[in-house]
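Working notes, beginning with the structure itself.
In the text below, chain A, chain B and the rest are named by the order of the sequence lines, each starting its count at 1.
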There are 2 protein chains.
Amino acid sequence: MDAIPANSSSVVQTATARVHEVIKKRILNGHYQANEYLRETSVASELNVSRTPVREALRELVSEGWLEAIPHRGARVVAWTAKDAREVFELRLVLEPLAVRLASTQISKSCFKSLEILATQMESLTEQVDTNTESRSDIASLNHEFHRTLILASNNQRLANLLENVVRTSVIHRNFGNYDLANLRRSMRHHREILEAIAAGSPEWAENVMRAHLLAAQALHVPHTNTPSG
Amino acid sequence: MDAIPANSSSVVQTATARVHEVIKKRILNGHYQANEYLRETSVASELNVSRTPVREALRELVSEGWLEAIPHRGARVVAWTAKDAREVFELRLVLEPLAVRLASTQISKSCFKSLEILATQMESLTEQVDTNTESRSDIASLNHEFHRTLILASNNQRLANLLENVVRTSVIHRNFGNYDLANLRRSMRHHREILEAIAAGSPEWAENVMRAHLLAAQALHVPHTNTPSG
DNA sequence: TCGCCCAAGATTGCATACAATTTATAAGGT
DNA sequence: ACCTTATAAATTGTATGCAATCTTGGGCGA
């Protein structure tokens, strides 16, 4: 029963923000399951706050797509369907390439440097997947950071917000668990090639590698098994 | 002094929803101006409700991008800058073509029919712009409905929500006020051509006409004056 | 005269009580 | 047996009071 830390650090946070965070975590780790109703009073008493901050947190989570509001029934954890996965992928496939294209014309030197460092770290971790059991999840977080950095470099705050909200809700399911070494290496080559395209001053190249990057990842989750020689 | 209608229709609305609506209208019609602070107590007393529904409405409007929350200072009406216009246009230019592409493969017959009716209505109004002073604003609302219908036909709810939120905030500035007859006619031809492309079963065609449609509109707002023969 | 500090005012943040609405339940009639 | 209706329980919606926090203005000292 994880109670809210009264003052986990010197940073003062509002109760609403803490409740928001806790609920999001609980959705991600499965404490709240799909289609489960979150009643204001229950959450409030569990987290030792009043209903007010809970109400506000729930509304925020609804607008972010984590919950859906059922009038006079409460907020329900959204169930992730195949359609949701399709919708998010369709959006990602146009938004992330856009971000890379925009970023490639105006990225700062320091930002590009951090991307190179992230790529290098992921590459070295990739070669340790057989011996280091932690490396897959480490790659996942570095990968997330890589994409996030790239998106922020697009200099389009709305785009960044959209991707944050749209993609984050789907992150539950995506990690590198079912990537074999070959696919991992291709993924890492994509990262490197995006940086090469940016360095070469070719937004179109960068954009298309990103599309390939996303489509390759998608193909792993939805195996089509269409071998031409078959 | 527009007070909140107690029961404007038989539909029962929550105070939060009514406050939300009123504030949005007031931003659109200029009652609240850019950078103006909206204090919970002021709005509450003006609209004869308590602070609670005002708080919730303000938070929603912040998450929708109409206001920005300044900690302990209140909610401020966002000022529309050139950068905001650029950001929104960059997003529209990938999202609306995506919507059209998706819609063209799965649009229903009845939905297609309504689009044709809307296009026809706009076309006839276009030929009346010299005599009918109302026609420009009528075209604007029909145009909005045309785009909305097309977007809903994409069968991607997230995409529809994104476009609704992203585009609506910028609608304040865009109408057909500075379209001359030639540009209006081109805009109408675009609508018609999108429908032709859908009917012909060519998502790529439809998608590219939409891009042209948006870029042509953009060119009018940001005149470049680059005549090749000059 | 400039900078720092303290206090008062203003504003949001939170808690609690109450109202309104809906849903679930059970009883009664057909 | 099933549908209707009324009643009660549960839940959200709203109002209000108080606490916490920040901003602002003035006074004090260097």
Starting at atom [atom1] of [X], determine the distance to atom [atom2] of [N], rounded to an integer number of angstrom.
X	N	atom1	atom2	value
B:Leu38	C:dT12	CG	C1'	14 Å
B:His20	D:dG13	NE2	P	15 Å
B:Arg39	C:dT12	CZ	P	6 Å
B:Ile70	D:dT24	CD1	C1'	17 Å
B:Leu58	C:dT11	CG	P	14 Å
B:Tyr37	C:dT11	OH	C1'	12 Å

Review item, nucleotides 13-20 of chain C N/O atoms under 3.5 Å of protein N/O:
| residue | atom | partner | partner atom | Å |
| --- | --- | --- | --- | --- |
| C:dG13 | OP2 | B:Arg55 | NH1 | 3.1 |
| C:dG13 | OP2 | B:Arg55 | NH2 | 3.2 |
| C:dG13 | N7 | B:Arg51 | NH2 | 3.1 |
| C:dG13 | O6 | B:Arg51 | NH1 | 3.1 |
| C:dC14 | OP1 | A:Ala15 | N | 2.2 |
| C:dC14 | OP2 | A:Thr16 | OG1 | 3.0 |
| C:dA15 | OP2 | A:Ser50 | N | 2.8 |
| C:dA15 | OP2 | A:Ser50 | OG | 2.9 |
| C:dA15 | N7 | A:Thr52 | OG1 | 2.8 |
| C:dT16 | O4 | A:Thr52 | OG1 | 3.4 |

Can you classify the ring geometry of A:His191 versus A:Phe146 as parallel (below 30°), tilted (30 to 60°) or perpendicular (above 60°)?
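Tilted.
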Mind checking what makes salt bridge (charged side-chain N to carboxylate O under 4.0 Å, His left out) contact with B:Glu145, not counting sequence neighbours?
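Checked B:Glu145 against salt bridge (charged side-chain N to carboxylate O under 4.0 Å, His left out); matches are B:Arg148.
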A:Arg73: salt bridge (charged side-chain N to carboxylate O under 4.0 Å, His left out) partners, not counting sequence neighbours:
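With sequence neighbours excluded, A:Arg73 shows a salt bridge (charged side-chain N to carboxylate O under 4.0 Å, His left out) to no residue whatsoever.
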For B:Thr16, which residues count as a side chain to side chain donor-acceptor pair (under 3.5 Å) partner, sequence neighbours excluded?
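So B:Thr16 forms a side chain to side chain donor-acceptor pair (under 3.5 Å) with B:Glu56.
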Side chain to side chain donor-acceptor pair (under 3.5 Å) with B:Glu116: which residues, sequence neighbours excluded?
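Testing B:Glu116 for side chain to side chain donor-acceptor pair (under 3.5 Å), a comparison that skips the adjacent residues, returns none.
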Which residues satisfy the side chain to side chain contact (heavy atoms under 4.5 Å, CB included) test with B:Arg51, sequence neighbours excluded?
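For B:Arg51, the residues satisfying side chain to side chain contact (heavy atoms under 4.5 Å, CB included) (neighbours in sequence not counted) are B:Glu40, B:Thr41, B:Ala44, B:Arg55.
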